Protein chains: 2
Amino acid sequence: MEFFDKVGKSALGSRLRLMTAVVTDDAAKIYELYGVDFVPKWFPVFYTLTEEREITITEIANEIGHSQPSVSKIIQEMIAAGLIEESAKTEDKRKNNVVLTEKGILISKKIKQQLEDIDVAIEGIIAESKHNLWAALEEWEFLLEQKSLIKRVSEQKKKRESKDVKIAEYKAEYQEAFRTLNVEWISTYFEMEEADYKALDNPEDYILKKGGKILVALYENEPVGVCALIKMNNSEYDFEMAKMAVSPKAQGKSIGWLLGKAIAEKAKELGAKKIYLESNTILKPAINLYYKLGFEKVFGLETPYKRCNIQMELVL
Amino acid sequence: MEFFDKVGKSALGSRLRLMTAVVTDDAAKIYELYGVDFVPKWFPVFYTLTEEREITITEIANEIGHSQPSVSKIIQEMIAAGLIEESAKTEDKRKNNVVLTEKGILISKKIKQQLEDIDVAIEGIIAESKHNLWAALEEWEFLLEQKSLIKRVSEQKKKRESKDVKIAEYKAEYQEAFRTLNVEWISTYFEMEEADYKALDNPEDYILKKGGKILVALYENEPVGVCALIKMNNSEYDFEMAKMAVSPKAQGKSIGWLLGKAIAEKAKELGAKKIYLESNTILKPAINLYYKLGFEKVFGLETPYKRCNIQMELVL
DNA sequence: TACATTTGTATAACTAGTTATATAATTAAT
DNA sequence: ATTAATTATATAACTAGTTATACAAATGTA
């Protein structure tokens with residue numbers, strides 16, 4: 001199909017669907033050719049029953065990768081066709097153990113030669129082709145099991161978008177964003193405290209003039225994340241990392257990670273050896289991020305914030 | 001899936017179906033991830049509309065390999081969603097030309113980045129794998145277009161079964177089969193004639209004792225095909241190939257071909273240079289077979305059979 | 001020019017699966 | 001010994017396609 005060359009790989013689902021239709025349409029004709037009264041969709045269930053003497057519906061479903069209702073319906077059709085029957089000898093009355101009937105066993109023998117012919121025909125196509133479809137499907141099953149397509153796409157999205165995120169130095173025009181973004185999350189989870197207002201309303205005086213720094217993450221030139229480095233005096237630490245906030249609208253772009261990395265870098269530039277932070281364990285994604293950035297738990301320092309129940313440090 | 005290793009290639013349809021389900025399930029989630037109000041199945045139609053400014057439903061269906069009703073339904077859904085609209089400016093009133101609306105154009109722009117991300121993600125999987133699924137699908141589309149799966153399987157069936165066909169010399173026990181098989185086809189298409197009864201009721205006297213031969217095709221030890229070589233005197237031909245009959249139950253096993261080849265071989269053994277046959281053009285498969293065996297049309301010989309309207313010879 | 005055939009679309013009914021949910025039987029937990 | 005949770009199955013309702021068919025418009029032909 002020329003169409004798929006134009007569209008690109010994102011039409012993989014459509015391409016697979018068409019090939020599936022082509023193959024399964026012929027499957028029905030093949031049973032006809034061999035004069036077997038059999039519906040192609042029965043095959044995986046039927047095959048399982050020729051292997052396992054007795055097996056429940058749910059077990060079959062797991063074995064062949066169908067949903068349980070799908071197998072349930074197929075079983076009913078095959079019972080109606082006289083190929084299988086319920087086998088009463090089970091203690092668990094919920095279970096519906098099924099086995100092949102005489103007729104079923106007969107058909108399984110009749111079908112055997114047919115399956116071999118199909119196998120040879122498909123092997124023939126594989127031999128004719130450069131790229132092995134069967135092996136490719138097997139690999140894809142494995143690779144998508146490891147990491148699903150949605151996961152892979154979402155990672156790619158993050159990667160691309162984080163490239164468009166710029167980390168900039170604080171300017172007066174970002175004061176409103178600095179305040180809003182922080183008020184947003186603080187008041188969602190906690191109460192705003194005195195110390196918060198001071199720093200957020202007047203970062204110039206309370207952070208920058210005291211030797212601190214503020215970085216802003218810009219996405220499409222809009223400030224979507226902020227983080228501050230606050231000078232600590234009379235302490236083993238040089239700076240506290242604080243007031244980190246990312247707009248919920250800009251989630252999934254690794255903005256927290258980029259800000260954290262940039263802040264650590266900035267601290268190093270300023271000659272710092274160790275930085276410190278305070279947080280609360282109910283902020284699980286934040287705590288995770290801190291660990292990823294290399295922070296480790298420390299204990300016993302004083303803090304003006306009620307909401308603090310975890311303290312961490314990063315050795316630069 | 002372990003299952004597929006056990007079952008073998010004949011479960012290719014099932015394997016494709018499962019992979020299709022896995023991929024298309026994630027496709028829906030991907031649109032959600034990008035916040036686009038869009039149904040995956042719309043995509044091929046939508047894509048075509050972004051390429052072609054104006055296009056009819058049937059043209060779209062051909063382009064993307066769907067049935068026309070499928071596209072018809074998708075178009076209706078997309079019109080309801082406000083993505084496309086009917087474009088009145090067509091003379092042919094049967095045609096329903098459709099174009100993207102403003103909203104549709106907007107979404108096509110929004111979707112662009114998403115498609116690129118999917119493309120990158122899928123390219124990633126292809127890069128991770130040894131067997132290229134995308135390329136394999138392309139090859140299979142081509143190869144199955146050239147010769148369908150049912151055709152390939154049916155050829156394999158024929159090939160295998162013809163191996164189980166044995167060509168044997170005539171024995172008295174085959175007289176009944178020789179008669180029945182011939183009466184069957186002759187009386188279906190024509191009337192039995194005097195010359196038929198003579199030869200069929202008493203092949204010993206009328207064929208063998210006069211220097212002719214009869215060969216019998218056996219499948220599972222049952223006679224399923226017969227053919228005679230009748231000595232011709234006072235003629236440029238050494239033998240006439242006649243009374244060829246194959247049981248309809250044993251069709252598709254190349255029995256006619258095997259008998260014809262064996263008869264020609266036998267004639268050569270007996271020192272013949274040219275053999276002759278008479279037939280009727282309404283027996284198309286038979287005439288085809290004779291051509292395949294190397295016979296060519298000749299004209300103007302006398303014949304005792306009313307049903308004869310074509311005469312052929314084979315130079316050995 | 002009138003009639004038959006072809007073309008373009010829509011609709012109905014089907015297929016092979018799915019998810020959601022109800023029910024009964026069994027197992028686990030207090 | 002109850003009660004709660006889990007398991008096995010069946011059923012209903014949905015999805016993304018299909019084929020068969022009806023109907024109107026356009027085209028071809030005697």
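Within every chain, numbering begins at 1; the chains are lettered A, B, ... in the order of the sequence lines, protein sequences first and strands thereafter. Nothing here was measured: the structure is a model prediction, and the numbers come from that model.
No hydrogens or angles were tested; on distance alone, nothing pairs the side chain of A/Q68 with the base of D/dA8 as donor and acceptor under 3.5 Å.
Rounded to the nearest 0.5 Å, atoms NZ (B/K29) and OG1 (B/T24) are 10.5 Å apart. Separation of atoms NZ (A/K103) and CE (A/M78) is listed at 10.5 Å; rounding is to 0.5 Å.
OP1 or OP2 of C/dT11 has not a single side-chain nitrogen or oxygen of B/S72 nearer than 4.0 Å. In this structure, B/T58 reaches the C/dT9 phosphate: one of its side-chain N or O atoms is under 4.0 Å from OP1 or OP2. Checking the phosphate oxygens (OP1, OP2) of C/dT9, no side-chain nitrogen or oxygen of B/Q76 falls inside 4.0 Å.
With rounding to whole Å, A/I60 atom CD1 is found 9 Å from D/dT9 atom P. Here the P atom of nucleotide C/dT6 and the NZ atom of B/K95 are 18 Å apart, to the nearest Å. Going from atom CD of B/E59 over to atom P of C/dG8 covers 8 Å, rounded to whole Å. Atom CD1 in B/I75 sits about 16 Å away from atom C1' in C/dT11, given to the nearest Å. At whole-Å resolution of the value, CG in B/D26 and P in C/dT18 are 15 Å apart.
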Under 3.5 Å, which protein N or O atoms sit close to an N or O of nucleotides 15-17 of chain C? Give each pair with its distance.
residue: C/dG17; atom: OP1; partner: B/R17; partner atom: NE; Å: 3.2
residue: C/dG17; atom: N7; partner: A/K73; partner atom: NZ; Å: 3.3
residue: C/dG17; atom: O6; partner: A/K73; partner atom: NZ; Å: 3.2

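The 5' end of DNA chain D is approached more closely, in terms of each residue's nearest nucleotide, by A/T56 than by the other of A/D25 and A/T56. Of the two residues near DNA chain D, B/V71 and A/I57, the one whose nearest nucleotide lies more 5' is A/I57.
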Please report the C-alpha distance between B/I75 and B/I60 in whole Å, then the side-chain angles of each, then the deciding distance to 0.1 Å, and finally whether the side chain to side chain contact (heavy atoms under 4.5 Å, CB included) criterion is met. CA-CA 10 Å; B/I75 291 284; B/I60 297 174; 4.2 Å; yes
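Scanning for ring pair (Phe, Tyr, Trp, His ring centres under 6.0 Å) contacts around B/W134 gives an empty result, with sequence neighbours left out.
Between the side chain of B/N96 and the main chain of B/I57, no donor-acceptor pair closer than 3.5 Å is present.
For the pair B/K110 and B/Y34, the NZ or CZ position fails the cation-pi test of under 6.0 Å to the six-membered ring centre and within 45 degrees of the ring normal.
Note: B/F43 and B/Y47 have tilted aromatic rings, judged against thresholds of 30 and 60 degrees for the angle between ring planes.
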